[in-house]
Amino acid sequence: MTSASLTLQDFFARFGQQRQLAGPLLILLILAMMVLPLPPFFLDLFFTFNIAISVIVMLVAMSVMKPLDFSVFPTVLLVTTLLRLSLNVASTRVVLLEGHTGPGAAGRVIEAFGHFLVGGNYAVGLVVFTILVVINFVVITKGAGRVAEVAARFTLDAMPGKQMAIDADLNAGLIGEDEARKRRTTIAQEADFFGSMDGASKFVRGDAVAGILIMLINVIGGLFVGVLQHNLDIGTAARTYTLLTIGDGLVAQIPALIISIAAGMVVTRVGDDQDVSQQFVSQLFSNPKLLFLTAAIIGLLGLIPGMPNFVFLLIASILAAMAWQLEKRSRTATPVPVTVAPVASRETQEASWSDVTPLDVLGLEVGYRLIPLVDKSQDGELLRRIRGIRKKFAQEVGFLVSPVHIRDNLELKPNAYKILLNGVEIGEGEAFPGSLLAINPGRVAGQLPGTATKDPAFGLPAVWIDPAQREQAQAYGYTVVDASTVAATHLNHLILSHAAELLGRQETQALLDHLAKEMPKVVEDLVPKTLSIGVLQKVLRNLLEEGVHLRDMRTIIETLVDLAPRSQDPELLTAQVRNALGRSIVQELYPGGADLQVISLDPQLERLLLQAVAGAGDGASIEPGLADTLVREAVAAAQHQEEVGLPMVLLVPGSLRTLLSRFLRRSVSQLKVLAHTEVPEDRTIKVTSIIGQRV
């Protein structure tokens, strides 16, 4: 007994290791059935296996939560269709060779379907077979194919919007890079799946057409074989070969019908939190009022003379009993007690220094309808997103931003919010809990009904829509986000754009304390030995103002340690630190080994600016007429770079970089100004636009 069990265990273990051979072996077996003759027993075995496989496929299709849980389904459709066709070929061979010997010539399964299911009447069999083919071909397969085609088209159209929604969540710190990569893969798989289903549905339709042709060929061929080769009379040959053909057709078309139903279930699924059975029960039989109404209608029909009264009244009684049970459950459900917080008493007290509170560095004020989003007791969605924003900011920018102080403000509109920096408003917007914001990224396929507005973070045109319109909006190419994501994305954008103002001396000291744990000697040599914390803060702020992150603090501190003994000028120190960080600055603007396609200055304009800088020193200024021309051409060059999909980067001599960066920042906020000394020697520079050719 033990040796037998060990042998079985070894067999299954070896089978599990060789599962990759199952697919090729199955295909080879299917192809072999088309060529090699099969005895009736093996036909019975394979026909039964075909029916079992179709039932398994249908049950799996009913139990999956979302279509991608059954991503192999298009391939399964192809394999099962090929299996049925190969069985048709094998059974046709046996029917034509051995059909004259009797109804059991092609096996017991075909005999049972040809005699038991249609009563041995080939006329009835023809009608039943034709009806099954019409149901499969005209109704189920055609409908499932149309749904798959539309789903594939909508899925492809919605891909840009879904990708932008993932990028928005990633930028807001709501998800990590791994989760974003996983979601992008899922979106690509959805498009591939529905596209494959659109093509695979053609296999099933072709199978139905092939079934009709095979039946006609078998009937006509059987008549010729029976009459001409086996000397049967026409009536006997027609009855014998037609019944065998009908049995063969039914035993193939019933599994095909089951597979088609499974395909329809997969592509028509809406929602992924319940399987089909749970959705049927929860959505059809969950409203007692509707069940009572249905029971009353059926009961009234059952009272009409001449109607099958017993059946109608039986169904009405069952529906009424179900409705009564549901009503009873809803009445006996335990109500959730609501606790009312006591109102704190306020006593008049003398003024004290405790009444003088410093301004919060970052503040968020919300209207009363947004309070649930920031309520700690309800674990508000916006609270969790703000925590993610601070964490992502610290990881990317290089220091920990101050906590966001949240309070309600009854003076605001109910759905409004306001973002404050040191008590001064830097942004405002509106968010509608329970609705979704569909943002137009620039190219959408249609318009949506709803409340027109603008995305508060980037000013893009947008529409507040009902949640039921999400799939339609994504299919049109909109980026769809909820109310908490709208506020979180706006807050994240403002924090990044005001990063320099958020770095105070307290944050600078906290950053140094953190670095001292890993590089104590370097930090000790810098502050306070050679550089004050105030100068260090100015240098770091200068970097942040131009979008340079502080993640590489080792390089920043080591550069300052070397230069601080010779100069305490923050501007000069910033320029040298940028040179040291040149490789990472360029990498951020031009990922990989891409060529640096940049904007440049005309040599004549460059000489004029260099003379102005040399003559005025730190107080250099640009003549008004020249300044207007410079701004106008810089704007035009930046727009050209954006239109062709290139970074907006201006490359200038090092002595002009600071002057032009500050001068152009207000007019072209996204334009980055690089110095020649910041570009690594191994990077290739290509000039795409020149500013000042007409100066």
Side-chain angles (χ1 to χ4, degrees), residues 65-68 147 150-151 153-172 174-175 179-180 183 186-187 190-191 194 267-276 278-284 286-287 366-375 378-385 388 413-417 429-441 444-458 460-491:
M65 297 295 183
K66 51 187 177 181
L68 282 184
V147 172
V150 174
R153 188 175 303 165
F154 278 10
T155 302
L156 288 173
D157 291 342
M159 279 186 68
K162 292 181 178 179
Q163 294 281 11
M164 292 186 68
I166 294 172
D167 294 339
D169 287 346
L170 180 63
N171 293 332
L174 308 179
I175 57 175
E179 178 66 19
R183 291 189 184 181
T186 301
I187 292 174
E190 285 180 354
F194 285 109
V267 298
T268 56
R269 284 293 308 275
V270 176
D272 56 2
D273 56 344
Q274 293 179 322
D275 59 31
V276 173
Q278 292 171 329
Q279 287 181 331
F280 264 90
V281 174
S282 62
Q283 297 182 25
L284 284 180
S286 60
N287 192 328
V366 298
Y368 68 84
R369 288 184 183 169
L370 301 183
I371 291 177
L373 297 180
V374 294
D375 189 357
Q378 302 180 36
D379 192 22
E381 179 71 16
L382 186 54
L383 282 180
R384 292 189 284 110
R385 292 175 183 259
K413 295 180 180 179
N415 293 98
Y417 65 86
E430 283 188 298
F432 296 87
S435 298
L436 299 175
L437 184 66
I439 304 171
N440 182 354
V444 294
Q447 299 298 320
L448 293 172
T451 305
T453 184
K454 286 190 176 182
D455 168 39
F458 304 102
L460 297 175
V463 182
W464 283 103
I465 61 175
D466 292 329
Q469 298 175 269
R470 176 193 288 269
E471 293 187 1
Q472 180 186 2
Q474 291 177 339
Y476 283 167
Y478 285 87
T479 300
V480 184
V481 294
D482 57 19
S484 58
T485 303
V486 171
T489 304
H490 193 189
L491 177 63

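Nothing fancy with the numbering, it's 1 onward along the sequence.
Residues that satisfy the side chain to side chain donor-acceptor pair (under 3.5 Å) test with S484, not counting sequence neighbours, are R385, D482. The salt bridge (Lys or Arg N to Asp or Glu O under 4.0 Å) test applied to R369 returns no partner, not counting sequence neighbours. Applying the side chain to side chain donor-acceptor pair (under 3.5 Å) test to E430 and every residue at least two apart in sequence or in another chain returns nothing. Looking at residues two or more places apart in sequence or on another chain, you find no salt bridge (Lys or Arg N to Asp or Glu O under 4.0 Å) involving D455. Scored by the side chain to side chain donor-acceptor pair (under 3.5 Å) test, D375 finds S377, Q378 as partners (sequence neighbours excluded). Partners of Y368 under the ring-ring contact (aromatic ring centres under 6.0 Å, His included) rule, at least two apart in sequence or in another chain, do not exist in this structure.
A 4.5 Å side-chain heavy-atom check between Y478 and N440 finds at least one atom pair inside the cut-off. Using a 4.5 Å heavy-atom threshold, the side chains of T489 and F458 count as touching. Contact annotation: the side chain of T451 never approaches that of T453 to less than 4.5 Å [non-hydrogen atoms, C-beta and beyond].
Here the OG atom belonging to S435 is positioned 6.0 Å from the CG atom belonging to D466, to the nearest 0.5 angstrom. Considering OG1 of T479 and CG of L460, their distance stands at 8.5 Å, rounded to 0.5 Å. Rounding to the nearest 0.5 Å gives a distance of 10.5 Å between CG of L373 and CZ of R384.
Considering all non-hydrogen atoms of both residues, L448 and A438 come closest at CD1-CB, 3.8 Å. Between Q469 and P449, the shortest heavy-atom contact is NE2-CG, 3.2 Å.
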Task: Audit row: W464, V486, side-chain contact (heavy atoms from CB on, under 4.5 Å) steps and yes/no - done: CA-CA 11 Å; W464 283 103; V486 171; 4.0 Å; yes

